[in-house]
Amino acid sequence: MEVELEQLPHDLATCHQLIAQLLETLHSSRRQIDQLTHRLQQLLRARFGPRAEKVDPAQLALFAQEILAEAQGTQEPVPLPVEEKAIVRQGHGRRKLPRNLPRQRVVIDVPVEERICKCCGNEMSKIGEDTSERIDYIPASVYVIEQVRPKYACKHCPDGTVITADKPRQPIEKGLPGPGMLAYIITSKFADHQPLHRLCQILQRHGLELSPSTVGGWMGPSAKLATPLLELMITRVLDSRVIHTDDTPMPVLDKDRPSTRQGRLWTYRGDDLHPYTVYDYTPSRKRDGPEQFLGDYQGYLQADAYGGYDGIYANGKVIEVLCWAHARRK
């Protein structure tokens, strides 16, 4: 209902009737706006709201006000956001090869007889060269070291004394592998996750036949060789002011069971001043594992909410620092 200011009635009864009509129109418009706003919120929730989380309707009302204003013509139309596809960036050409890689220079020259100019018959002079690079690979090689110790004896002495040089110490006394072979197998198994039987197949292609049981027997003495380094890393980690720890399940072979059993691998990470990571294995998830590793440690321990740590925090020397990921979820 539209009424011009110049046409307003002066009669009081007519004015009351006009006001009643305007109020009824106002209430009807408000009901219609509320209904449209509710429907709009539902559409915006379905269109923009996350499906797995609740959204405050007051936030969606911000969009509703803009769209209602657009419908009333009070502002320019605002285009709805369009979902953009992820832009796949193309590479910017071939990367340069690292300068620290060894290089072998191969010169592919023009034959001498072709260096004669066809115009004047004189020999051409070199004015530059074109250089291109390609990558090649030399397969690893397996070789045998023969340790020869000459024997010496005195021909003039009746006792027949014979001397030889002492043997240098070996990683495994009276063992077959040298340091390079052990380093290759340890790195391939624990860093590259190559099973021992597959490593034996790789060595077989080089002409060396070894059984997985033989190679597996080398791992125990190798671990003893690395024990001083491990103990030093544990000492450095325990010198940290803050230690982060966590555990993960690990299937373990058991000859007395038809299937694997579950062990635990614990990770202990030092702070920035002691950036070392140490792994510790336990057959179960009992508190004895971290309690024995930490010992008399005093400082902050960042871990999850596993109840086994509660006894460690009880002495007051170790301060509990919760994990932000678990706090965010729970």
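Basis for what follows: all heavy atoms, side chains included, without hydrogens, waters or symmetry-related copies. The structure displayed is predicted, hence computed values, not measured ones.
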Closest heavy-atom pair and its distance - [X], [Y]:
{"X": "Gly311", "Y": "Arg287", "answer": "CA-NH1, 3.2 Å"}
{"X": "Trp218", "Y": "Pro221", "answer": "O-CD, 3.5 Å"}
{"X": "Ser222", "Y": "Ile186", "answer": "CB-CD1, 3.6 Å"}
{"X": "Lys317", "Y": "Asn315", "answer": "N-OD1, 3.0 Å"}
{"X": "Pro212", "Y": "Leu196", "answer": "O-CD1, 4.1 Å"}
{"X": "Ala153", "Y": "Val162", "answer": "CB-CG2, 3.9 Å"}

To the closest 0.5 Å, what do you measure between [atom1] ([X]) and [atom2] ([Y])?
{"X": "Leu210", "Y": "Met181", "atom1": "CG", "atom2": "CE", "answer": "6.5 Å"}
{"X": "Arg103", "Y": "Leu97", "atom1": "CZ", "atom2": "CG", "answer": "6.0 Å"}
{"X": "Asp256", "Y": "Asp254", "atom1": "CG", "atom2": "CG", "answer": "5.0 Å"}
{"X": "Leu230", "Y": "Thr235", "atom1": "CG", "atom2": "OG1", "answer": "9.0 Å"}
{"X": "Leu232", "Y": "Thr227", "atom1": "CG", "atom2": "OG1", "answer": "12.5 Å"}
{"X": "Leu40", "Y": "Arg45", "atom1": "CG", "atom2": "CZ", "answer": "10.5 Å"}

Under 3.5 Å, is there a donor on one side chain and an acceptor on the other for [X] and [Y]?
{"X": "Trp266", "Y": "Thr282", "answer": "yes"}
{"X": "Arg269", "Y": "Thr277", "answer": "yes"}
{"X": "Thr214", "Y": "Ser211", "answer": "yes"}

Are the side chain of [X] and the backbone of [Y] linked by a donor-acceptor contact shorter than 3.5 Å?
{"X": "Thr164", "Y": "Pro150", "value": "no"}
{"X": "Thr37", "Y": "Ile33", "value": "yes"}
{"X": "Arg264", "Y": "Asp247", "value": "no"}
{"X": "Asp192", "Y": "Gln194", "value": "no"}
{"X": "Ser240", "Y": "Ile243", "value": "no"}

Greater than 12 external heavy atoms within 6.0 Å of [X]'s [atom1]:
{"X": "Leu101", "atom1": "CG", "result": "yes"}
{"X": "Gln147", "atom1": "CD", "result": "yes"}
{"X": "Glu173", "atom1": "CD", "result": "yes"}

Could you list the donor-acceptor pairs under 3.5 angstrom formed between side-chain atoms of residues 110-128 and any protein atom two or more places apart in sequence or on another chain?
{"unit_1": "Arg115", "atom_1": "NE", "unit_2": "Val110", "atom_2": "O", "d": "3.0"}
{"unit_1": "Arg115", "atom_1": "NH2", "unit_2": "Asp109", "atom_2": "OD2", "d": "3.1"}
{"unit_1": "Arg115", "atom_1": "NH2", "unit_2": "Val110", "atom_2": "O", "d": "3.1"}

Please assess Arg241 against Asp271 for the test salt bridge (Lys or Arg N to Asp or Glu O under 4.0 Å), listing each intermediate value before the final yes or no. CA-CA 7 Å; Arg241 186 181 181 188; Asp271 55 20; over 6 Å; no
Just so I know, are the side chains of [X] and [Y] near enough to count as touching, which here means a heavy-atom distance under 4.5 Å?
{"X": "Val242", "Y": "Val321", "answer": "no"}
{"X": "Pro290", "Y": "Ile312", "answer": "yes"}
{"X": "Tyr306", "Y": "Asp246", "answer": "no"}
{"X": "Leu238", "Y": "Phe293", "answer": "yes"}
{"X": "Cys154", "Y": "Tyr152", "answer": "no"}
{"X": "Gln170", "Y": "Pro177", "answer": "no"}

Is there a path of hydrophobic side-chain contacts, each under 4.5 Å between heavy atoms of I, L, V, M, F, W or Y residues, that connects [X] with [Y]?
{"X": "Val237", "Y": "Ile319", "value": "no"}
{"X": "Ile172", "Y": "Phe190", "value": "yes"}
{"X": "Met219", "Y": "Leu203", "value": "yes"}
{"X": "Val278", "Y": "Met250", "value": "no"}
{"X": "Leu12", "Y": "Leu18", "value": "no"}

Evaluate the criterion side-chain contact (heavy atoms from CB on, under 4.5 Å) for residue pair Tyr137 and Ile135; output intermediate values, then yes/no. CA-CA 7 Å; Tyr137 174 76; Ile135 306 173; over 6 Å; no
Yes or no on side-chain contact (heavy atoms from CB on, under 4.5 Å) for Glu24 and Leu26, after CA distance, side-chain angles and deciding distance? CA-CA 5 Å; Glu24 183 180 357; Leu26 178 61; over 6 Å; no
Below 30° counts as parallel, above 60° as perpendicular, anything between as tilted: where do the rings of Tyr313 and Tyr309 land? tilted
Would you please test Tyr184 and Leu199 for side-chain contact (heavy atoms from CB on, under 4.5 Å) and show each step? CA-CA 10 Å; Tyr184 166 70; Leu199 284 171; 4.0 Å; yes
Going through the checks in order, is the salt bridge (Lys or Arg N to Asp or Glu O under 4.0 Å) test met by Arg105 and Glu133? CA-CA 10 Å; Arg105 181 178 173 88; Glu133 294 181 337; over 6 Å; no
I'd like to know whether Leu301 forms a side-chain contact (heavy atoms from CB on, under 4.5 Å) with Thr245, so could you lay out the CA-CA distance, the side-chain angles of the two residues, the decisive distance to 0.1 Å, and finally the verdict. CA-CA 7 Å; Leu301 183 65; Thr245 180; 3.6 Å; yes
With sequence neighbours excluded, what pairs up with His38 under the side chain to side chain donor-acceptor pair (under 3.5 Å) test? Gln42
